[in-house]
Number of protein chains: 2
Amino acid sequence: MLNEKFDRYSFILDQTAKKVKQFAQSSFTEKGFDITVDQWAVLKALYETEQLSQKDLARRCGKDQPTLTRIVDILLKKGLAERVIDETDRRSLYLHLTEEGKLKVASLSPIVAEIRMKAWEKLTEKDFEDFTRILNTIYNNLNV
Amino acid sequence: MLNEKFDRYSFILDQTAKKVKQFAQSSFTEKGFDITVDQWAVLKALYETEQLSQKDLARRCGKDQPTLTRIVDILLKKGLAERVIDETDRRSLYLHLTEEGKLKVASLSPIVAEIRMKAWEKLTEKDFEDFTRILNTIYNNLNV
DNA sequence: TAAATATATTTGTCATACTAAATATTTGTA
DNA sequence: TACAAATATTTAGTATGACAAATATATTTA
């Protein structure tokens, strides 16, 4: 393959990832969700598996620990999640959603799914499969 | 298509874009380039088309104007670029590379292309075409 | 058991993304 | 021409991402 092409894919990839995030964020804002897209990712992960330590939650969300700490700080301030010290290992914290947090995830989930759907207009199941396969391959190629 | 799938693509897309950036950044750091990946994008755009206004440069790099202002500030401090007031429109600034900046882009370009290549191991020309087509379609679907 | 090592979290710093607002200048219009 | 609207850039504030270092606690090992 020609090198020239390759200098472009990273740009398109980056721009598209940004656009996906922007689109979701502006939908969130417009609908008054009062959370960021990244905060949503953390809330969703906590909803699906309660009682995660911050470390596990970070891995699950694809975020590093300092970033996660800060996002969780915000979720605490918003009353959506709680930190509980793990008495079996006092270095660790378990996180879980408050009732308000659970309600929020349950009520927003279908709307978020709708928002995410929009990206796939004019694309096929096969496109989706190719897309995820290629992304995973790239990820693994670079995951040294 | 099932909604459930769709909640995942944005995650994979985001993680892969991050990984591509991280891989490039750690290669840059390891090789002592002394610039960030985003600073590189701006330098490359300036190298390809000198005399861009900041506004045009921002569009070309896919960055917003405040972000670009700050990146350019850094490039000035590093002695790689210069701002020149456009006398025909004193609101505007033209940007161009210093000699040092030009040398930097010329010498790093082939190494950066190498770094970018790594992502495409085990993938085909057809994959590349599908990938860029799908990314562009998603971008346009969300570009309201 | 004491010291060294490992682990979970937090804090600090810098770079980037986005929004809104401020500033300077130009253009359009009454 | 004077004023309103538009444009280019910068500044400010908040959130996130990456990396290094600090802190507290656990585990391993001499």
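Residue numbers begin at 1 in each chain, while the letters A, B, ... track the order of the sequences.
OP1 or OP2 of C/dT16 lies within a sub-4.0 Å distance of a side-chain N or O belonging to B/Thr36. In this model, the phosphate group of D/dT16 is not approached by any side-chain N or O of A/Lys63 to a distance below 4.0 Å at OP1 or OP2. Side-chain N/O atoms of B/Ser92 include none lying less than 4.0 angstrom from OP1 or OP2 on D/dT7. Close to C/dT10, at under 4.0 Å from its OP1 or OP2, lies a side-chain N or O of A/Thr69. Between B/Gln39 and C/dA15 there is no side-chain N or O to OP1 or OP2 distance below 4.0 Å. For the OP1/OP2 pair of C/dT10 and a distance below 4.0 Å, the side-chain nitrogens and oxygens of A/Arg83 include at least one atom meeting the criterion.
B/Arg60 places its CZ atom 17 Å from the P atom of D/dA8, with the value rounded to the nearest Å. Rounded to an integer number of Å, the gap from CD of B/Gln65 to C1' of D/dT11 is 13 Å. Look at NZ on B/Lys77: it is 10 Å from P on C/dC14, rounded to the nearest Å. For A/Arg91 and D/dT25, the CZ to P distance is 11 Å, given to the nearest whole Å. One interatomic measurement links the two molecules: CG of B/Asp64 to C1' of C/dT19, which rounds to 9 Å at whole-angstrom precision. Counting to the nearest Å, the P atom of D/dT25 and the CG atom of A/Leu93 are 11 Å from each other. Whole-Å rounding puts the B/Lys21 NZ to D/dG17 P distance at 10 Å. Between B/Phe28 atom CZ and D/dC19 atom P there is a gap of 14 Å when expressed in whole angstrom units.
When each of B/Asp38, B/Thr16, B/Thr36 is tested with B/Lys21 by the rule side-chain hydrogen bond (donor to acceptor under 3.5 Å, both in side chains), just one qualifies, namely B/Asp38.
The pair B/Glu100-B/Lys104 fails the salt-bridge criterion, with no side-chain N (NZ, NE, NH1 or NH2) lying under 4.0 Å from an Asp/Glu carboxylate O.
Of all nucleotides present, only C/dT1 satisfies the Watson-Crick or G-U wobble test against D/dA30, with each distance under 3.5 Å.
Of the two residues near DNA chain C, A/Lys55 and B/Pro66, the one whose nearest nucleotide lies more 5' is A/Lys55. Along DNA chain C, the nucleotide closest to B/Glu87 and the one closest to A/Arg70 are compared, and the more 5′ of them pairs with A/Arg70.
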Set out, in order, the CA-CA distance, both residues' side-chain angles and the distance that settles ring pair (Phe, Tyr, Trp, His ring centres under 6.0 Å) for B/Trp120 and A/Tyr9, then state yes or no. CA-CA 10 Å; B/Trp120 291 94; A/Tyr9 86 90; 5.4 Å; yes

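At the heavy-atom level, B/Gln22 lies under 4.0 Å from the strands shown only through sugar-phosphate atoms. In this structure, B/Ile74 reaches the sugar-phosphate backbone alone: every heavy-atom distance under 4.0 Å involves primed, P, OP1 or OP2 atoms, never a base. Among the atoms of the strands shown, only primed sugar atoms or phosphate atoms (P, OP1, OP2) are found under 4.0 Å from some heavy atom of A/Gln54.
Nearest to the side chain of A/Thr67, among C/dT10, D/dT10, D/dT16, sits D/dT16. Among the nucleotides D/dT16, D/dT9, C/dA15, the one closest to the side chain of A/Ile71 is D/dT16.
Atoms CZ and OG, from B/Arg8 and B/Ser10 in turn, are 8.5 Å apart once rounded to the nearest 0.5 Å. The NZ atom of B/Lys18 sits 15.0 Å away from atom CD of B/Gln25, with the distance rounded to the nearest 0.5 Å.
Following chains of ILVMFWY side-chain contacts shorter than 4.5 Å, one can reach A/Val20 starting from B/Ile12, so the two form part of one hydrophobic cluster.
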